[in-house]
Amino acid sequence: PNGREGDSDVPTVYLVVPNSNPGGNQGPHIRAAAAFGAKELVLVGFESFATHGAHGAQSHIDVVYAHTWAEAFNYLRSERCCEVIAIVNPPSPSAAIFAGDPTPGSAPLLPSEPLHHRRFTGATALVLALRPADAAAAAPLADRRMHLAQHAPPPRRPPFKPQGRAAAEQATPRGVAALRESSTASAARTSGPEAPPAAPPEASSKVVVPLDSSAVACAALQHFAAWSR
């Protein structure tokens, strides 16, 4: 497309996605971009792509091609007046699990800020730079680097339910009395002044849930839709 966007202050969003393999499936990204009202989907790399899972959404969004990240960013800045934001992975090296790449232990090359801290104005390009190679190539060229902050509590163990003979023994009056004595003793041990204080919620262990790029795209586009003005 030629020509500049009419008004750079209008809150419009562009989704930029790597297409590193010829014929790579972009159906989920097309569907996400169309569902959240993205102006264009910009593919970086190969021009040929598949639309499995788009469910007809390819008829509702324009697709633009760029061979390199520099070419894509130049188009977005000069032709679409966009601020370019690279969406990278969480900054903690111990928790960096790249979307689509199950190999842990890699960290973003540059610091990033949580996406939910951002209030969007004007035209914005959201760049999915999640894989290490894409983060290394695209993130340094972007105006900002942001990530999705997520917190998943550790899984809780289900309460122990005795089976068989143990369950039958606990069901007797003697077993019920023993359980009551055990609970009373346990409460007495933990209710005294020497009982350790409970850990605050923010000190609980954090788990980064591996997300595929289409899930990251949906979350980022939804945040733009909610916080653009």
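Below, each value reflects all heavy atoms present in this structure, side chains not excepted, and no hydrogens, waters or symmetry copies. Nothing fancy with the numbering, it's 1 onward along the sequence.
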Looking only at heavy atoms, which two atoms of Gly37 and Val13 are closest? And how far apart?
O-CG1, 4.3 Å
Could you report the tightest heavy-atom contact between Arg145 and Pro111, atom names first, then the distance?
NE-O, 3.5 Å
Are the side chains of His223 and Phe120 in touch, meaning some heavy atoms are under 4.5 Å apart?
yes
Note: Asn19 and Gln26 closest approach over all heavy atoms is OD1-NE2, 3.1 Å
Using every non-hydrogen atom in the two residues, find where Thr68 and Val44 come nearest and quote the distance to one decimal.
C-CG1, 3.6 Å
Would you find a donor on one side and an acceptor on the other, under 3.5 Å apart, between the side chain of Ser48 and the backbone of Gly23?
yes
A side-chain contact here means heavy atoms from C-beta on lying under 4.5 Å apart; do Leu126 and Leu128 qualify?
no
For the residue pair Phe49 and Gln58, establish whether any side-chain heavy-atom pair is separated by less than 4.5 Å.
no
Begin with the C-alpha distance, continue with both residues' side-chain angles, and end with the deciding distance and a verdict on side chain to side chain contact (heavy atoms under 4.5 Å, CB included) for Glu40 and Arg80.
CA-CA 10 Å; Glu40 293 173 345; Arg80 294 295 180 250; 3.3 Å; yes
Do the non-hydrogen side-chain atoms of Phe224 and Leu115 ever get within less than 4.5 Å of each other?
no
Within the side chain of Asp143, is there an N or O that forms a donor-acceptor pair under 3.5 Å with the backbone of Val84?
yes
According to side-chain hydrogen bond (donor to acceptor under 3.5 Å, both in side chains), who are the partners of Thr51, at least two apart in sequence or on a separate chain?
none
Salt bridge (charged side-chain N to carboxylate O under 4.0 Å, His left out) against Arg118, all qualifying residues, sequence neighbours excluded
Glu83
Would you say the side chain of Leu15 lies within less than 4.5 Å of the side chain of Phe36, judging by non-hydrogen atoms?
no
For the residue pair Phe73 and Ala138, what are the closest heavy atoms and their distance?
CE2-O, 3.5 Å
To check you understand the geometry: which heavy-atom pair defines the closest contact between Cys82 and Arg77, and what is its length?
O-CG, 3.8 Å
Can a donor-acceptor pair be found, under 3.5 Å and without considering hydrogens, that links the side chain of His29 to the backbone of Val17?
no
